[in-house]
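All remarks here apply to the structure that follows.
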Amino acid sequence: MKTITIEIKKVKELTKAEKNLINKNRIKEFGKTAIINFSKDYEPDTFFFFVKDEGKIVAFVGLRPIKINYLGKQYKIGGICSLISIKKKRSYGRILIGALLSYLKKTGKSALGFTHQTKFCEKAGLGVEKDFVKRFIYKNPKTGEEIIDNDGDGIFYNGKDNFIKKVLSTKSKVYISVPHW
């Protein structure tokens, strides 16, 4: 019988080999522009969840802190990013999302990400909203320019703050602290 384990690490604790594995698989999934500079692109308290099979990483996801301004109120949620199953069709992605959901339920934190893989994410237990990314606007702090990403469905978990439920109940703009996660 195989031994499946879950490991959670802060980005500052990642080894060079883990960073290389994440970038190699981001390129494979999202293209050459998907390379991450872990010290510049992610906050130090970003978490990575790893599913390991016999000690080898087979799936991973990041959860980074995101500040949001919605209807004049500040929210701090988890930004779901880099959701990748290295070995597909073996339930590793489902195990990974299960570990993420368990963590979110325990902490009470809302979380949100954007993807086109909504069928899988919904089956694994995340909430889904079509074209949700269009509601989230990055306002460049230097120029004031508003940047809207028009390509992506939302995957989410509604935490104790009911952030997702509140956003879904209106058509109001949601201002985010990073242009893309």
Side-chain angles (χ1 to χ4, degrees), residues 11 22-38 40-43 46-51 59-71 73-86 88-89 92-101 103-104 109-141 143-159 161-181:
V11 78
I22 290 167
N23 270 330
K24 176 183 163 194
N25 285 282
R26 281 182 55 85
I27 291 167
K28 206 184 276 186
E29 291 287 323
F30 311 124
K32 291 181 182 177
T33 59
I35 293 174
I36 297 170
N37 177 326
F38 288 87
K40 290 183 181 176
D41 296 333
Y42 287 138
E43 301 75 9
T46 296
F47 287 97
F48 270 87
F49 294 69
F50 297 101
V51 174
F60 58 87
V61 65
L63 186 66
R64 65 185 290 190
I66 302 291
K67 293 177 188 166
I68 292 184
N69 184 322
Y70 177 63
L71 298 177
K73 187 173 178 188
Q74 295 292 323
Y75 293 87
K76 291 181 182 178
I77 69 164
I80 302 169
C81 56
S82 299
L83 174 58
I84 297 174
S85 183
I86 298 167
K88 305 201 184 313
K89 306 236 184 257
Y92 297 131
R94 186 178 306 276
I95 293 166
L96 181 64
I97 290 176
L100 177 64
L101 286 170
Y103 173 84
L104 293 169
K109 189 177 263 317
S110 289
L112 173 66
F114 302 102
T115 186
H116 292 290
Q117 303 299 324
T118 55
K119 283 184 184 178
F120 165 75
C121 292
E122 189 171 31
K123 284 182 185 177
L126 289 169
V128 170
E129 181 67 22
K130 184 131 182 75
D131 293 326
F132 206 27
V133 74
K134 293 177 182 179
R135 297 274 309 280
F136 293 81
I137 300 160
Y138 172 70
K139 192 170 189 174
N140 186 317
T143 65
E145 177 189 10
E146 291 187 358
I147 299 167
I148 300 171
D149 186 346
N150 286 313
D151 189 26
D153 299 327
I155 56 172
F156 60 83
Y157 173 77
N158 191 51
D161 61 4
N162 273 321
F163 172 73
I164 302 296
K165 187 177 180 182
K166 290 173 186 174
V167 171
L168 289 172
S169 72
T170 74
K171 300 255 186 243
S172 300
K173 293 179 179 180
V174 184
Y175 289 95
I176 53 179
S177 60
V178 294
H180 183 73
W181 69 83

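- Taking the six-membered ring where the residue is Trp, F136 and F132 present perpendicular rings, their angle passing 60° and hence far from 30°.
- In summary, the aromatic rings of F60 and F49 are positioned with their centroids too far apart to meet the 6.0 Å limit.
- Looking only at side-chain heavy atoms (C-beta outward), K76 and I66 stay at 4.5 Å or farther from each other.
- The side-chain heavy atoms of T115 and T118, taken from C-beta on, include a pair separated by under 4.5 Å.
- Inter-residue side-chain proximity for L83 and C121 is flagged as met; some heavy-atom pair is nearer than 4.5 Å.
- Residues N69 and Y75 are not in side-chain contact: their nearest non-hydrogen atoms beyond the backbone lie 4.5 Å or more apart.
- The closest side-chain heavy-atom distance from T170 to Y70 is below 4.5 Å.
- Here the two rings, on F163 and F156, have centers that are 6.0 Å apart or farther.
- Heavy atoms from other residues, nucleotides or ligands lying under 6.0 Å from CD of E129 number more than 12.
- More than 12 heavy atoms of other residues, nucleotides or ligands shown are found within 6.0 angstrom of NZ on K88.
- Inter-residue side-chain proximity for I80 and I155 is flagged as met; some heavy-atom pair is nearer than 4.5 Å.
- Checked against the 6.0 Å centroid criterion, the rings of Y42 and F47 do not qualify as a close aromatic pair.
- The closest side-chain heavy-atom distance from C81 to V61 is not below 4.5 Å.
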